[in-house]
Amino acid sequence: MSFLTIVQIVLFIGLVGASFFVAFRKFKEIYDNIMLGKPEQINTTLGFRIKNMLLIALGQKKMFKLTFAALLHMVIYVSFVITQIELIEIFIDGLVGSHRILYHAFENIQFLHTLYVVVINFIEILSLLTFFVTIIFILRRTTFRVARFQMPELKGWPWRDALTILAFELILISFIFLMNGADSALHIKENGEGYGFILSGFFGSMLTGLPNLSLELLEKLGWWGHLCMVMTFLVYLPYSKHLHIMLAFPNTFFSRPEAKGEIHNMPAIQHEVQSMLDPSFVVPVTDGEIKFGAKDVYDLSWKSLLDAYTCTECGRCTAACPANQTGKKLSPRKIMMDTRDRMEDISKGKKEHGPDFADNKSLLGDYITGEELRACTTCNACVEECPVNISPLSIIIELRRNLIMEASDSPTEWNNIFANLENNQAPWQFSPSDRLNWTQEL
Amino acid sequence: MQYKVPVMSDLVAEGKTPDVIFWVGCAGSFDQRAQRVTIAFTKILNQLNINFAVLGTEEACTGDPARRAGNEFVFQMLAQQNIATMNTYGVKKIITTCPHCFNTIKNEYPALGGNYEVLHHSTYLQGLINDGKLKVEGGAFKGKRITYHDSCYLGRANEIYEAPRSVIEALDADLIEINKCRTTGLCCGAGGGQMFKEDEPGNKRINVERTEQLIEVYPDVIAVACPFCNTMITDGVKGENKQDDVKVLDIAELVAQANSY
């Protein structure tokens, strides 16, 4: 084994090891952030969970509410999954210092050889398609300006994040073709014919005029470039909206079972009211202080926090929101983004100031305002639209509960209906004894 | 026909038991527009000799607007009071003309000890039509262009999309779907306590946006299945000055009028 090969193996192990270490640390931080949330029992069967995960995450069922976007997305998604097969060979080559180890191992086994060529061709065709789809995605954001990508909450980092990921994809695919193209050119020069890769074989046939050393360098550049992009992707992923490619799976797995119209019961208040109505009822003892609704991420369910990290800011929720469509401040997507930003700000604070870090901020008030929350009609359009079963509504309701019951921040009209409901058992100021007045008109 | 509205407490005093409770709801009891829906549905129940009763003055708001606005205390007081009333009477089956009452009693009362079979009147009417007990074809709405506005609490919240449509189709009417219907239907703007307060600052009212979508298909009738949608869309149609061309009617009113009840 040459000195150069040993250097490459060391570089490979160093790069991959460091990337996994850095990425793992951030993934762990995200896991810890999600666990900041309150416990919530999700009562579903394993069958229900797997079915949801297969249909909605793997099968992208809900994506197809918008057929065009879903088809484009499907190309990138399938391409991403299939490309991982080629990565297996790249990893083995990197670890042992070989070159196309699987190709050479399969060279004399007809079936496996054919399979290898077919798989690489499949990857290359999908990669080329993905290249074009990625350009369409960039144009949808920058030139065609699809409405849901132009909203205020996407300004700044979310906008750059989306375009960064798309740029990564273009660079990554270019490196794949550079690697396979230069390699094909070398193969053609040595054996008179290429590997049988249609696309890179075509690019390779145009490069055969270059000297072998240049081709070898180009192949190495493509190989290392591709690897570096994959590792960059891995490290960048947990900082990005792109994390949905992983979290869509647990998030759909843990989908809530109940009818969308059901709002979670609050046993503490149930028991308190029960003891008022029935003096013989003994309120069960609970540990710690009881807080009504959510003021900060600590008060939300872990599922809502997982929702927040799963959100890829596609904005289908906001596009469907009746309040948003009529110019109100509420955007369900912003609710999810704010929740994640709050968790990220807390973990940043903890890193800088130690684990006891506390600022004087909270999700309610500093990130999400009462005006946004009060605009919600609880119509479930956002929940219905989300391709990965996120519920912005659960967070809205929990924050509203805090706004009303802890902060007593309620519009006068609502205070009036609360008073009417308490006194007259109806939201309007009618006497309960008038409930049957309508019968006089029969 | 002499229409009757049996009240639960009276029936109990007479030693009788109704088969179903007609849950009228606050809008159905007090709101002038919704009262007409209550009356229409009562007439249908009477015409078909359904053994029903209302709770009358013992009925309280289900608590839906309080819970959704964020006031769980008020919700719990109302819900527990209603459950105590109904459990005392041994209520088994409830029909309501309000999707909000329907959703709360069906999905949220079980956690508090209130377990009943709950039907929205669209499902109930569909069943009666399917069983041949209720005839609606060939009436006043034959050939009329009717579009249906999905109620969020019936549709997305409880996945009831077809029942109200099958009632409309049974009228021999021309059911016209608008683009934003079923799962993508736009809210009328009243849910989540919005009915009882001014809109937050924005550039349009939700009911106006929704009404514009509905009148785009030139309907003779906009059919609704919720008292709040009814109010919001009626207001929207008035705002567009179309009240002479487009009627906003609940499916119970459609059925009652088709039969000249």
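Chain A is the first sequence line, chain B the second, and so forth, proteins listed ahead of strands; every chain is numbered from 1. As the structure is a computational prediction, the values presented were derived from the model and not from experiment.
Neither the backbone nor the side chain of Tyr109(B) comes within less than 4.5 Å of any heavy atom in chain A. Using a 4.5 Å cut-off between heavy atoms, Ala27(B) touches chain A through backbone and side chain atoms alike. Contact annotation for Glu272(A): only side-chain heavy atoms (C-beta onward) come within less than 4.5 Å of a heavy atom of chain B. In this structure, chain A has no heavy atom under 4.5 Å from any part of Thr104(B). Interface remark: Arg205(B) contributes backbone atoms only to the contact with chain A (heavy atom separation under 4.5 Å). In this structure, no portion of Gln32(B) lies under 4.5 Å from any heavy atom of chain A. The parts of Glu59(B) that come within reach of chain A are both its backbone and its side chain, each placing non-hydrogen atoms under 4.5 angstrom from that chain. Leu78(B) touches chain A through its side chain: at least one heavy atom from C-beta onward sits under 4.5 Å away, while N, CA, C and O do not. In this structure, the portion of Val7(B) lying under 4.5 Å from any heavy atom of chain A is its side chain and not its backbone. For Glu398(A), no part sits under 4.5 Å from any heavy atom of chain B, backbone or side chain.
Glu200(B) CD to Lys328(A) NZ: the interatomic distance, rounded to the nearest 0.5 Å, is 8.5 Å. Distance check: Asp64(B) CG to Ile263(A) CD1 gives 7.5 Å after rounding to the nearest 0.5 Å. Here the straight-line distance linking atom CZ of Phe196(B) with atom CG of Asn420(A) works out to 9.5 Å at 0.5 Å rounding. Between atom OG1 of residue Thr377(A) and atom CE of residue Met195(B) there is a gap of 13.5 Å, rounded to the nearest 0.5 Å. The CD atom of Gln325(A) sits 7.0 Å away from the NZ atom of Lys180(B) when rounded to the nearest 0.5 Å. Taken from OG1 in Thr183(B) to CG in Asn380(A), the straight-line distance is 12.0 Å, to the nearest 0.5 Å.
Side-chain contact between Asn265(A) and Arg67(B) is present, with at least one heavy-atom pair separated by less than 4.5 Å. The side-chain heavy atoms of Cys26(B) and Arg435(A), taken from C-beta on, include a pair separated by under 4.5 Å. The closest side-chain heavy-atom distance from Met276(A) to Met77(B) is below 4.5 Å.
Of all the listed residues (Asn82(B), Thr62(B), Val208(B), Leu112(B)), the one sharing the greatest number of non-hydrogen pairs under 4.5 Å with chain A is Leu112(B). Of all the listed residues (Asn103(B), Asn71(B), Val5(B), Leu55(B)), the one sharing the greatest number of non-hydrogen pairs under 4.5 Å with chain A is Asn71(B).
A salt bridge links Arg401(A) and Glu72(B); the closest N-O separation between the charged side-chain nitrogens and carboxylate oxygens is under 4.0 Å.
Enclosure of atom NZ in Lys197(B) by more than 12 non-hydrogen atoms of other residues, nucleotides or ligands within 6.0 angstrom is indicated. Within 6.0 Å of the CD atom in Glu162(B), the count of heavy atoms belonging to other residues, nucleotides or ligands exceeds 12.
The aromatic rings of Trp438(A) and Phe22(B) lie perpendicular to each other, with more than 60° between the two planes, well past the 30° mark.
Using modelled atom types, one side-chain atom of Gln80(B) and one backbone atom of Gln270(A) make a donor-acceptor pair closer than 3.5 Å.
Under 3.5 Å, the side chains of Tyr3(B) and Thr439(A) contain no donor-acceptor pair of N or O atoms.
Residues of residues 184-192 of chain B lying within less than 4.5 angstrom of chain A, judged on heavy atoms, are Thr184(B), Leu186(B), Cys187(B), Gly189(B), Gly191(B), Gly192(B) in numerical order.
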